[in-house]
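Please read the structure below before turning to the comments.
Numbering of residues begins at 1 and proceeds along the displayed sequence. These numbers were taken from a predicted model, which means no experiment stands behind them.
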Amino acid sequence: AYNGGLGHGWDGERAWVMETAVVDLPRHELGQFDCLVSNPPYVPSSEVASVEPEVACEDPRALEAGADGLDIVRQILVVAPTLVRPGGLVALEVHCTHPHRLPELA
C-alpha cells in the first residue's frame, strides 16, 4: 500500500501504512488516526474451499475468518473507537453477505 501510494502522487507524509494484527497495534498510537482502512480475512469457513481461482492462491489465513467470516471484523470494530479520532473513518472490505450486519457489530 505504501509503495502504491507513492506511485500515485502521495508524498508518504500524511499517512502511516502498516501491516499488523489489530491486537498488536502500538498503544501509543491510540486515538491518533483519522482513518483506519483494512482488508481483513472475511471469508466464512464453509466457503474457503470454493473461492474464486484468483483468490484460492492466497494463504488460507488471509481469507478465513470463522464460521460467519466476521471474527477479524469484530476485533477491528472493538478497537476502532480507541484508534480513530472522533469523526474519523473506518473502512473495511467485507464479504458480500456482511454489510447489513455491520451496524449491529459497530
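P103 and P99 get closest at one heavy-atom pair: CD-O, 3.5 Å. R101 and E104 make their closest contact through O-CG, 2.8 Å (heavy atoms, listed as atom of the first residue, atom of the second, distance). P41 approaches A65 most closely through the heavy-atom pair O-CB, 3.3 Å.
Note that CG of D34 is 12.5 Å distant from CG of L83, once rounded to the nearest 0.5 Å. Going from atom CD of E47 over to atom NE2 of H95 covers 3.5 Å, rounded to the nearest 0.5 Å. Between the OH atom in Y42 and the CD atom in E93 there is a gap of 3.5 Å [rounded to 0.5 Å]. The line from CG of L36 to CG of L89 is 8.5 Å long, rounded to the nearest 0.5 Å. In this structure, the separation between CD1 on I76 and OG on S38 is 3.5 Å, given to the nearest 0.5 Å. Residue L77 holds its CG atom at 11.5 Å from CD1 of I72, rounded to the nearest 0.5 Å.
S45 contributes a side-chain N or O that, together with a main-chain N or O of G66, makes up a donor-acceptor pair within less than 3.5 Å. Formation of a donor-acceptor pair under 3.5 Å by the H98 side chain with backbone atoms of D68 is found in this model.
Clustering ILVMFWY residues whenever any of their side-chain heavy atoms sit less than 4.5 angstrom apart, transitively, puts V43 in a cluster other than the one holding V94. No continuous path of hydrophobic side-chain contacts links V48 to L70 [ILVMFWY only; heavy atoms under 4.5 Å]. Cluster membership check: L102 shares its hydrophobic cluster with V79, using side-chain heavy-atom separations under 4.5 Å among Ile, Leu, Val, Met, Phe, Trp and Tyr. V73 and V51 fall into different hydrophobic clusters, where Ile, Leu, Val, Met, Phe, Trp and Tyr side chains are chained together by heavy-atom contacts under 4.5 Å.
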